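Quick caveat, the model's predicted, so the values are computed rather than measured.
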Amino acid sequence: MSKDQNLFPASGSGPAAGVTIIGETMRIQGTMTSREEVHLNGQWDGEMEVDGGLTIGTGGKANANIKAGEVIVAGSAKGNVETIGRLVLRAGASLEGDVKAAGIVIEDGAYFKGEVD
């Protein structure tokens, strides 16, 4: 493949520009720092610092302290969450940890245990 060829054609079959996707079969330990939006569908153990938005999908698990521009949780997270935007806990989501956010949305059926600042 030449370096001029695009791995993901404009038809939209690949990930959106500026989005990092951590797949369902991935388990990662460590510290992440990202300027891009991140979608976590696998498991992350450690620290996460994301300038953009962080979405934890329905199968995603984060055992991490999280700092991000905005956080959406549909899966599960254990650790403290700090966001300059809002935190959204979707129905079926689970979050155990303290939250510091400009706003918080907890849908019916979501589980939250911690303190909010």
request  = Supply the atom-to-atom distance I21 CD1 to M26 CE, rounded to the nearest 0.5 angstrom.
outcome  = 11.0 Å
query = Do the side chains of V19 and I56 join up, straight or via other hydrophobic residues, at under 4.5 Å, putting them in one cluster?
reply = no
request  = Rounded to the nearest 0.5 Å, what's the gap from OH on Y111 to CG on L89? Could you check?
outcome  = 12.0 Å
message = Looking at S34 and E36, would you say the former's side chain and the latter's main chain have a donor-acceptor pair under 3.5 Å?
response = yes
task = Keeping the roles fixed (side chain from N65, backbone from N80), state whether a donor-acceptor pair exists under 3.5 Å.
result = yes
request  = Please examine the side chains of E82 and D98, heavy atoms only from C-beta on, and report whether any two atoms are closer than 4.5 Å.
outcome  = no
Qualifying residues under side-chain contact (heavy atoms from CB on, under 4.5 Å), relative to E70, sequence neighbours excluded = I72, R86
key: Identified side chain to side chain contact (heavy atoms under 4.5 Å, CB included) counterpart of L95 within the set V81, V71, I106   = V81
query = CD1 of I66 to CG of L54: how many Å apart, nearest 0.5 Å?
reply = 5.5 Å
ask   = Are any side-chain N or O atoms of T58 and backbone N or O atoms of A74, one a donor and one an acceptor, separated by less than 3.5 Å?
value = no
ask   = Do K61 and D45 meet the salt-bridge criterion of a basic N to acidic O distance under 4.0 Å?
value = no
ask   = Taking only residues two or more places apart in sequence or in another chain, which ones pass side-chain contact (heavy atoms from CB on, under 4.5 Å) with I84?
value = none
key: Separation of K100 NZ from T83 OG1 (nearest 0.5 Å)   = 11.5 Å
message = Are V99 and M48 linked, directly or through intermediate hydrophobic residues, by side-chain heavy-atom contacts shorter than 4.5 Å (ILVMFWY only)?
response = yes
key: Inter-residue atom distance T25.OG1 - Q43.CD, 0.5 Å rounding   = 12.0 Å
inquiry  = Within the supplied structure, the quantity of interest is the number of heavy atoms (other residues, nucleotides, ligands) at a distance under 6.0 Å from E96 CD; does it exceed 12?
reply    = yes
query = If Ile, Leu, Val, Met, Phe, Trp and Tyr residues are connected whenever their side-chain heavy atoms lie under 4.5 Å apart, and connections chain through other members, are I28 and M32 in the same group?
reply = yes
ask   = Any donor and acceptor pair, going by atom type alone, linking the side chain of E107 with main-chain N or O of A91 inside 3.5 Å?
value = yes
message = Hydrophobic clustering (ILVMFWY, side-chain heavy atoms < 4.5 Å, transitive) - are I22 and V73 grouped together?
response = yes
request  = Can you tell me which residue pairs pass the salt bridge (Lys or Arg N to Asp or Glu O under 4.0 Å) test with a partner in residues 108-117, sequence neighbours excluded?
outcome  = none
query = Are the side chain of W44 and the backbone N or O of G30 linked by a donor-acceptor pair below 3.5 Å?
reply = yes
key: From CA spacing to verdict: salt bridge (Lys or Arg N to Asp or Glu O under 4.0 Å), K67, E49   = CA-CA 5 Å; K67 289 184 181 181; E49 189 169 334; 5.3 Å; no
